Asker: 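Sharing a structure with you now.
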There are 2 protein chains.
Amino acid sequence: MTRRTTGTTTIQTVADAAGVSIASVSRVLNGLTANEETIKRVNDAVKAVGYVPNSAAKSLKTNQTGQVAFAMENIGNAAYLAMVQAIQPVLRAGGYRLLLHSTDADVQDEIDVLRSLGQRYVDGLILCPLRVTRRHVAELKRAQAPVVVIGQLPKSCPNDNVRVASRPGVALAIQHLADNDRTRIALVDGPVDTVPGKARYAGYQDGLKQAGLEEDPDLVLFADFTVDGGAKAARALLQQKRPPDAIFAANDLMALGVLQAAREAGLDVPGDVAVVGMDDTELAATAWPPLTSVSLGAQERGRLAAELLLERLSEPDRPRQWVTVEPRLVVRASSGEAT
Amino acid sequence: MTRRTTGTTTIQTVADAAGVSIASVSRVLNGLTANEETIKRVNDAVKAVGYVPNSAAKSLKTNQTGQVAFAMENIGNAAYLAMVQAIQPVLRAGGYRLLLHSTDADVQDEIDVLRSLGQRYVDGLILCPLRVTRRHVAELKRAQAPVVVIGQLPKSCPNDNVRVASRPGVALAIQHLADNDRTRIALVDGPVDTVPGKARYAGYQDGLKQAGLEEDPDLVLFADFTVDGGAKAARALLQQKRPPDAIFAANDLMALGVLQAAREAGLDVPGDVAVVGMDDTELAATAWPPLTSVSLGAQERGRLAAELLLERLSEPDRPRQWVTVEPRLVVRASSGEAT
DNA sequence: TTGAAAGCGTTACCAG
DNA sequence: CTGGTAACGCTTTCAA
């Protein structure tokens with residue numbers, strides 16, 4: 001029966017109050033075998049002294065933190081937000097807390113997060129990188145905790161992985177527009193030097209080919225992934241001698257910019273020009289006209305990634321899992337009939 | 001010179017490699033006084049063995065975690081998202097990691113978060129409660145770590161606090177509508193039994209009084225804080241014998257619903273009916289017509305809360321801080337001239 | 001079933 | 001300036 005002088009209430013405080021050893025308290029608290037009588041006394045003591053176990057001490061002993069981190073570019077981006085929303089409940093159900101890392105589109109930050117895994121402040125990580133460099137690969141291989149990657153990943157990486165095929169997603173949209181008798185379908189893409197930008201352009205070409213349409217270089221523009229970027233590109237497009245009768249934008253923000261440009265030009269959507277976006281964010285549903293958009297299943301990817309991580313955490317040696325989410329066309333008014 | 005058998009690389013591994021004591025390694029790592037030579041040897045050893053300090057052990061010793069939590073209802077809500085975006089960089093600059101708690105509009109969850117502070121897994125908490133019950137107050141008083149509260153708080157609470165005067169914010173909007181010659185100004189409010197709902201209603205009455213307008217009970221409706229809630233209420237409003245010529249909605253989502261209802265009714269905004277929202281989220285800017293909205297400074301509140309918390313963390317005994325953010329009317333097209 | 005005691009990986013005190 | 005060592009609060013053997 002040791003007395004402590006400090007004000008902190010520890011397992012020792014409980015032991016003293018219950019008149020048992022700290023070992024017994026620990027056992028009761030962890031639901032291990034113990035005498036009825038002991039259990040009661042410990043539980044009473046816990047309440048009486050208002051004991052709450054110290055997580056640092058527990059972590060140090062068990063080598064588990066009960067925490068998982070999610071690292072992405074910027075939570076302001078609707079796609080990442082959707083992921084967080086899906087990840088959160090899964091982790092919570094599994095008894096894990098969620099830590100957020102915004103990497104601000106900085107590769108070095110992503111690497112740092114991977115490195116910091118050595119501090120063991122989390123049990124695992126969900127990483128959604130902009131693109132995967134050789135440095136990523138190197139760090140992923142030596143990561144000190146399980147990492148689930150959302151996004152494209154080289155086969156050489158040993159990590160669990162969730163991805164979406166955005167390229168066929170774009171083709172889906174082009175196909176849809178062609179089916180609705182659009183023949184001059186433009187692409188407002190993001191920067192070409194990004195992975196998403198390249199994938200969308202490729203999907204655009206695939207779609208045209210499937211629909212039996214020729215690619216017209218005048219109908220492809222690259223801009224920032226923003227409302228303004230989309231608006232500028234669309235203005236240029238709509239002022240051409242032979243303007244498009246449909247515009248596919250590489251994300252919903254750009255698509256909103258396209259809608260704006262169409263309104264400025266006094267054009268009716270979808271009467272004069274159809275518009276389709278990508279990501280199917282909240283913005284798509286609340287836009288006017290409601291925006292047809294290709295869903296890349298951000299929520300689903302988040303949920304799956306969280307589930308994969310929890311499974312890996314409870315079964316470290318299971319085989320590596322790769323899962324692919326299918327894109328889905330969500331049709332709304334903006335791609336309706338031409339007039 | 002102790003050898004370890006385990007595979008974990010600890011401070012002892014470094015000490016062995018550098019041929020110094022673990023005490024010296026610790027000193028060098030923490031930038032305390034040490035010999036040039038020693039410093040070099042330790043740093044070399046650290047790199048050589050790839051040492052990363054264990055955060056659980058450090059926390060246990062120092063009683064600091066380097067983590068801060070932010071608890072709010074649901075990060076899907078644009079206002080909370082804005083807060084997170086503002087909180088993140090401040091914490092990061094202060095060397096803290098961010099932990100996220102979604103309480104799902106559950107008072108018990110908020111209480112649990114407060115209680116769990118006893119586990120000491122964070123150094124502090126930013127709490128944005130739906131409303132503050134007596135139980136909140138009780139827990140806030142005995143909280144085991146500094147808590148900064150965003151929102152209304154009884155004077156009896158010892159916590160740092162950031163709030164916004166939403167009531168005068170609403171009055172601002174009503175005033176603006178009246179200035180633009182609107183005389184039948186409706187209120188689409190959230191649930192009356194919520195703090196925000198009450199504040200908005202009061203602000204609405206203030207605004208009418210200031211503008212010298214009579215309150216018409218037919219022009220006040222309560223609904224959910226959602227697009228659908230706003231749409232339903234607006235439909236009812238617009239079908240009345242004497243419909244409103246302006247509608248103030250308690251948040252942007254509801255305002256989008258109002259816009260939708262107006263379109264369905266074939267009414268022009270702002271020609272036939274002006275619409276004003278609240279929160280000034282991204283949705284307001286991208287809506288059509290662009291939505292006039294009252295900014296409640298979510299970003300600013302988040303940033304301030306984070307700053308207050310960091311200051312409190314470094315100076316625990318400073319006097320309690322209360323700061324109020326001013327609402328701001330952001331005028332866009334939806335509240336333009338009547339026809 | 002229980003208690004004593006040995007760590008987990010750090011930091012910080014105290015001698016030297 | 002340095003090394004030995006005692007904590008920090010908990011879990012988990014090992015004996016009793």
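Keep in mind the model is a prediction, meaning the values are calculated, not measured. Throughout, protein chains are lettered first and strands after them, A, B, ... in sequence-line order, and every chain is numbered starting at 1.
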Asker: Could you tell me whether the side chain of B:R131 reaches within less than 4.5 Å of the side chain of B:T194, counting heavy atoms only?
Answerer: no

Asker: Between atom CD in B:E37 and atom P in D:dC1, what is the gap in whole Å?
Answerer: 14 Å

Asker: Could you tell me the separation between the OH atom of B:Y121 and the P atom of D:dC10, rounded to a whole number of Å?
Answerer: 16 Å

Asker: What nucleotide, of D:dG9, C:dG9, D:dG3, holds the atom closest to the side chain of A:T8?
Answerer: D:dG9

Asker: When the axes are fitted on five pairs at both termini, how much does the helix from C:dT1-D:dA16 to C:dG16-D:dC1 curve, in 10° steps?
Answerer: 40°

Asker: Expressed as a whole number of angstroms, how long is the span from A:N63:CG to C:dG9:P?
Answerer: 8 Å

Asker: Using atom CG of B:N54 as one end and atom P of C:dG7 as the other, report the distance to the nearest whole Å.
Answerer: 18 Å

Asker: I'd like to check B:D160 versus B:W322 (side-chain heavy atoms, cut-off strictly below 4.5 Å). Are they in contact?
Answerer: no

Asker: Round to a whole Å and report the spacing from CG of B:L60 to C1' of C:dG7.
Answerer: 12 Å

Asker: Does some side-chain heavy atom of B:L140 sit less than 4.5 Å from a side-chain heavy atom of B:L114?
Answerer: yes

Asker: Are the side chains of A:E73 and A:C128 in touch, meaning some heavy atoms are under 4.5 Å apart?
Answerer: no

Asker: In this structure, how many angstroms lie between the P atom of D:dC1 and the NZ atom of B:K40, rounded?
Answerer: 19 Å

Asker: Do A:S116 and A:Y121 have a side chain donor and acceptor closer than 3.5 Å?
Answerer: yes

Asker: Please tell me if the side chains of B:I150 and B:L127 come closer than 4.5 Å, counting only heavy atoms from C-beta onward.
Answerer: no

Asker: Above 12 or not: heavy atoms from other molecules or residues under 6.0 Å from CD of B:E36?
Answerer: no

Asker: To the nearest angstrom, how far is B:D16 atom CG from C:dG9 atom P?
Answerer: 13 Å

Asker: Looking at every non-hydrogen atom in both residues, tell me the closest pair between A:I111 and A:H136 and how far apart they are.
Answerer: CD1-N, 3.8 Å

Asker: Go along nucleotides 11-16 of chain C 5' to 3' and tag each nucleotide: B for a protein heavy atom under 4.0 Å from its base, S when only backbone or sugar atoms are that close, - otherwise.
Answerer: BBB---

